[in-house]
Structures are given as C-alpha cells and as structure tokens.
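Following: one structure in structure tokens, then a few remarks.
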Amino acid sequence: MDEAYLILHSTNYSNSIVLFGNKIVCEGCDFEKIATIHPNRNTTVIINTKYAYDLELRSEPSNLSSLCQITSYKFAEHGTYMFHVVEITSDVGACFIKQIGNPSNYWTPVIVGVIFVVLYIALTQLWHHRYRSQYYNYFLSNILHRQSKHIGQQTVNQSDEDTIRATAELPVTNSIHLPNPRKLPKRLRALDTFRGFSLMVMIFVNYGGGGYSFFDHLIWNGLTLADLVFPWFAWRMGVSIVLSQRSLRKKVVRKRSILLIICRRSIILFVFGLSGQVDVTDLKTLRILGVLARLASCYFFTALIVLLLDKKDNERDVSDSTDVKQTLRTELFNCIFQFWTQWLLVIIITTGWLLITFLLHVPNCPTGYLGPGGKHSHGRYWNCTGGAAGYIDRVVLGNSHLYNDPTCKEIYHTKVPYDPEGILGILTGTLLCYLGVQAGHIFIHCTRTSRICAYWILSGIICGSLGLILSHGGHSNSWIPINKNLWSLTFVLILASLAFFIVTILYLLVDVYRWFTGAPFLWLGMNSIVIYIAHGRFGTSFPVQFLDNNTHVEELAMHLYGSFFWSFVAGFMYYKKVFIAI
C-alpha cells in the first residue's frame with residue numbers, strides 16, 4: 001500500500017546528479033537523499049505516496065545549491081512516474097514529472113465504504129421502527145376499545161344533565177392558569193448519540209482506518225477526523241456532570257456522598273486504563289497515563305469544581321420554574337453569570353497552562369518551544385519533543401512510563417518518548433470538560449428550545465473564533481498552533497466549538513423533532529465504556545478481525561466490519577436493556 005514507481009531519467013548530463021526530497025509534513029526538516037541519477041540510464045525507485053513531497057536536484061550531495069525544484073508533489077498509489085531532468089547550463093537544470101502508468105482507484109473503496117455506512121444507518125432506522133411497530137397494534141386496539149367503552153357510557157338521564165349544566169354555570173373563584181413549562185427529559189438522547197458516534201469513529205480509527213492517512217492522527221500540528229473523537233468525550237463528560245449532579249441533588253443526596261461517587265468513578269476509569277495494557281508484562285514499563293486516565297483526571301477536577309462551587313442546596317433551581325418567558329437578562333444570569341466563581345477557577349487553570357508552556361525553562365531547549373523535536377528546525381532541538389509538556393512528564397513519570405511511539409516519531413525520527421495524554425494536558429482538558437459543563441448549564445437553565453440552540457451556537461462561534469485567531473487560521477507558525485499531541489489551548493477551543501455545533505444539530509434531530517432515532521450511535525453511547533474496553537481487549541481476535549490485510553480495500557472492509565460488529569453488540573445490549581454504568 002501507499003507506494004509508486006518513480007523512474008529517474010537525465011538528458012545532457014555527463015555526470016551523476018542526486019535527487020533529494022522531504023515530505024511536506026516534516027516541517028523545518030532537511031532534505032534527504034532519495035537516489036542518484038546516472039547519465040545515459042534510468043534509475044527506478046519506490047516512493048511513498050502517503051504524503052506530498054518537496055523535491056530538489058543537486059549536482060552532488062555536499063552541494064546545497066539546487067539545479068531545479070518541484071514543490072508539494074503528491075504521487076498516487078501504484079502509479080508510475082517519469083522524472084525528467086534536462087541540463088540547461090552547468091548550474092541550471094530543468095525538471096518535470098510525467099505520469100506514465102495509471103494509479104489504483106484510491107478513492108473508490110472510501111466512496112463504497114461511505115455508502116455502506118449510510119445504508120447501515122438507514123437499516124437501523126427501519127429496524128427501530130419495525131421493533132416499535134410490534135407494539136403498535138396492541139396499543140391501537142387498546143385505544144379503540146377504550147373509545148367504544150366511552151361511547152357506551154354517553155347515555156345519561158335528564159336530571160344528571162341538568163345537574164352537570166348547573167354546576168358548569170357556577171362562577172369559579174381564585175382560578176390560576178399556569179403555563180406549561182419545558183419538561184427536561186430524563187436523558188439527553190442527543191448526547192448519547194454524539195458519544196456513540198465518536199466511539200464508532202474511534203474504534204474504526206484504532207483498527208487503522210483502512211490504512212488511509214486522512215483517517216489517522218496527524219504527525220504534529222493540525223486536525224484530522226481521528227484527532228477529534230477522543231477529546232469530544234471530555235466535552236460530553238462535562239455535560240453529563242451537570243445532568244447527573246442535578247439529578248442527585250433533586251434526590252437530596254448530600255455533597256459528601258456525591259464527592260464519594262466522583263472519586264469512585266475517577267478511580268474506576270483510571271484502573272480500567274491501567275488494566276487495558278494487555279501487552280505489558282513488567283510494571284517498570286507500565287504506561288501510567290493514557291486515554292482513560294486523561295478522561296478520569298478531567299472528570300475528577302471538573303466535577304469537583306461544579307460540586308464545590310455550585311449554588312447552595314437550598315437555593316431555588318431555575319429549571320424547575322414555570323416561567324417559560326424569562327427575560328434575556330434573567331436567562332443569561334441563570335446560564336452563565338451565576339457560575340462566575342467556577343469560570344474564574346477554570347480561567348486560572350488555563351492561565352497556568354499558558355505560563356508553564358511558554359515560561360518554563362527546559363534544559364537545552366528554547367523557552368516556549370512547541371515543536372516535535374528530532375529533525376524539526378533542522379535538528380537543532382533533537383531532544384525537545386513537546387517542549388515543557390514532554391519535559392514535565394519525563395521528570396515526574398520517567399521515560400519508561402511514557403508512550404514510546406508518538407505520531408511524530410516516524411517522520412521526525414524523535415529519540416525521546418512523549419505521551420500525548422501527559423500531565424500538562426490535564427489543565428486544558430479540564431477547560432474542555434468545563435466547556436461541556438457550560439453546555440449542560442444552558443440546557444438545564446433555559447426554558448425554551450430556541451434559546452438553548454441559540455446559546456449553544458453562540459458558544460460554538462466564540463470558541464471557534466478564539467481558536468482560529470490564536471492559531472492564525474490553523475497555521476503551524478502561529479501564537480498557539482492547533483495540536484492534539486499537546487492538547488493546546490487552540491485545539492481545545494476548536495474541538496469545543498465543533499462539539500457545540502454538533503450537539504445542537506443532534507438535539508434538534510433526535511430530541512426535539514425526532515426525525516432521527518440516534519441508532520446505531522445511540523446504542524454505542526449507552527454503553528460506551530464497556531464497548532471501548534471490550535474492543536481494546538478482544539478487538540483483534542476472531543470473529544472481530546480474521547484476515548491479513550494487504551490492500552486498502554481489504555483493510556477498509558475489515559475495519560468497517562469491526563466497527564459494525566461492536567455496534568451490533570451495543571444494539572443487542574440496548575434492546576435487552578443492559579446498561580452498565582460506573
């Protein structure tokens with residue numbers, strides 16, 4: 001997979017010349033030798049097609065002056081290309097690339113896969129309606145029976161009618177007309193649907209995403225689909241914190257008991273993260289932090305903030321008010337400003353991340369360095385991977401307890417370990433989780449659907465605008481690049497922005513208008529932790545995965561099948577009403 005033939009041919013050159021190249025994802029890297037082009041004969045090399053290349057022709061390896069250049073050229077998989085070089089003068093040459101062999105149908109499997117996913121979603125909707133229709137005839141016959149019984153009781157005598165009429169004409173005093181408030185659902189199905197969607201994508205990505213680079217994590221800066229799904233769990237966890245704590249307070253559960261629940265859930269998540277490392281046989285190499293550990297940490301600190309700085313138990317909950325026509329000023333206070341102490345603490349935490357990231361002195365590294373180290377910046381900061389974030393992890397946890405294969409290792413040839421779920425990222429992770437808390441506050445304290453959606457959309461616009469401004473529209477050379485490995489501030493803001501928009505759309509489709517049942521994502525969302533752990537433990541065994549994959553077609557088919565398999569398991573649990581919570 002991801003290879004093509006490149007035939008090198010020179011014209012008029014009497015001496016050998018050298019072709020150098022650099023993958024454009026390797027920012028600030030030196031060009032590396034690809035092949036030597038000999039006079040009067042062709043040279044064939046196999047070149048990787050995963051990323052585009054900057055190509056440069058030199059007269060000899062030690063000579064840094066180029067004869068000609070080609071920038072950002074993307075080779076297609078299984079294609080055959082001719083690289084022509086023509087000498088113009090001793091110091092100037094002309095070069096161009098011509099495709100002489102057809103590549104494979106690289107995008108066809110992706111298109112077919114998307115069609116299968118859409119069909120699968122459509123079939124689950126039909127199945128859901130079919131499942132519900134089993135009870136339709138029973139309820140219909142029951143209603144018809146009640147109506148016929150009611151008609152049979154319409155015969156009353158005249159005296160009874162006079163009594164009823166006289167009673168109806170009596171004046172009613174002290175009558176009170178209460179408006180019908182918005183009733184909060186017991187569970188926000190849009191949130192479960194969003195959680196299940198993210199989990200299904202995460203499973204697909206963990207299997208390998210069909211071997212396609214755009215379904216994989218980016219090397220360092222930027223975003224792909226794979227970079228979105230895990231942090232969204234932290235955002236949704238914030239929404240759940242508000243809903244769950246409100247439910248517990250309504251049951252008059254004491255704060256001390258809620259604190260014990262928070263600690264229990266955090267410990268269980270953390271332990272699940274440690275026990276999921278089935279390939280570790282020595283505690284000396286146990287990775288302490290990871291996906292579930294990051295979620296446990298963000299949940300713990302955010303839940304504490306909400307619990308300890310929430311309003312007093314005896315204060316009146318606005319969401320229970322029957323006044324569905326709150327003024328804008330009242331609603332803004334109920335949704336945002338009454339939680340100013342929580343916001344203040346979260347802002348202090350975020351400021352702490354900024355100060356540590358940009359002011360902490362890291363030995364032999366520039367202050368405020370945010371790069372991947374290795375070949376980056378022409379190899380000047382080889383052991384500075386992750387800057388302050390990587391340094392803190394290596395000092396506190398030790399190299400042996402960190403993730404040893406970061407996404408930057410293959411391209412930048414980094415030597416030191418780096419954990420993308422490290423200690424410093426907990427601070428910005430807490431911010432992301434609290435932005436989910438804000439979405440939960442809006443949902444609870446707004447009494448009109450239109451305003452809920454408006455506040456969510458406005459929150460998404462604010463977060464997205466801040467993220468784009470700080471990252472200069474997503475550029476690497478910016479104040480704070482969008483970086484999943486660092487969980488940078490801009491990364492968190494952009495992820496929160498997208499989450500606000502997505503949950504608004506799903507809320508309208510699933511909860512308000514009910515045009516979409518949420519299946520199959522809803523099934524996964526109702527048992528997300530169980531399915532995530534199960535796919536990590538048994539996801540590569542038969543019957544989940546059972547073929548050796550040598551092409552994108554085979555890989556994509558097996559990885560989609562694996563994702564569908566776990567959705568089948570979740571669907572079975574859903575319809576059997578098996579819901580496992582921690």
- Message: For E27, is there an ion pair with K375 - N to carboxylate O distance below 4.0 angstrom?
- Response: no
Please check if the side chain of [X] supplies one atom and the backbone of [Y] the other of a donor-acceptor pair under 3.5 Å.
X	Y	result
Y53	F75	no
E555	G211	yes
H559	F204	no
Y418	N485	yes
H535	Y532	yes
S488	I480	no
H552	G210	yes
S275	F272	yes
N48	E3	no
R58	I17	no

So C433 and C298, disulfide bond (SG atoms under 2.5 Å apart) or not? Walk me through it. CA-CA 6 Å; C433 192; C298 295; over 6 Å; no
Mind telling me whether F565 and Y561 have parallel, tilted or perpendicular rings, with 30° and 60° as the class edges?
tilted
Classify the ring geometry of Y212 against Y106: parallel below 30°, tilted from 30° to 60°, perpendicular beyond 60°. perpendicular
Quick check: are there more than 12 heavy atoms from other residues, nucleotides or ligands sitting under 6.0 Å from [atom1] of [X]?
X	atom1	result
F564	CZ	yes
F116	CZ	no
L359	CG	yes
K74	NZ	yes

* To do: Verify ring-ring contact (aromatic ring centres under 6.0 Å, His included) between W235 and F501, making sure each step is shown before the conclusion.
  => CA-CA 12 Å; W235 185 90; F501 294 141; over 10 Å; no
What closest approach, in Å, do [X] and [Y] show between heavy atoms, and which atom pair accounts for it?
X	Y	answer
L560	G113	CD1-CA, 3.7 Å
V239	G436	CG2-O, 3.1 Å
L218	D227	N-OD2, 3.5 Å
H378	D30	ND1-OD1, 2.6 Å
S266	A296	O-CB, 3.4 Å
P109	V553	CG-CG2, 3.5 Å

Check SG atoms, C384 and C365, less than 2.5 Å apart: yes
Would you say the side chain of [Y] lies within less than 4.5 Å of the side chain of [X], judging by non-hydrogen atoms?
X	Y	answer
H472	N477	no
V544	F538	no
F500	I457	no
I494	L468	yes
V85	L67	no
I392	I356	yes
P231	L432	yes
I37	L57	yes

When rounded to the nearest 0.5 angstrom, what is the spacing between [atom1] in [X] and [atom2] in [Y]?
X	Y	atom1	atom2	value
L435	T430	CG	OG1	11.0 Å
S213	D2	OG	CG	7.0 Å
Y369	H376	OH	NE2	5.0 Å
N527	R195	CG	CZ	10.5 Å
S104	E77	OG	CD	4.0 Å
N383	K415	CG	NZ	9.5 Å

Which of L19, V45, I47, I7 passes side chain to side chain contact (heavy atoms under 4.5 Å, CB included) with F83? Answer is L19
When L424, L431, T428 are each screened for side chain to side chain contact (heavy atoms under 4.5 Å, CB included) with W487, the one that passes is T428
- Give the intermediate values and the outcome of ring-ring contact (aromatic ring centres under 6.0 Å, His included) for residues Y120 and F568. CA-CA 11 Å; Y120 176 56; F568 294 152; 5.7 Å; yes
**Report entry** Cationic tip of R236 above F233 ring, under 6.0 Å, 45° of axis
**Finding:** yes
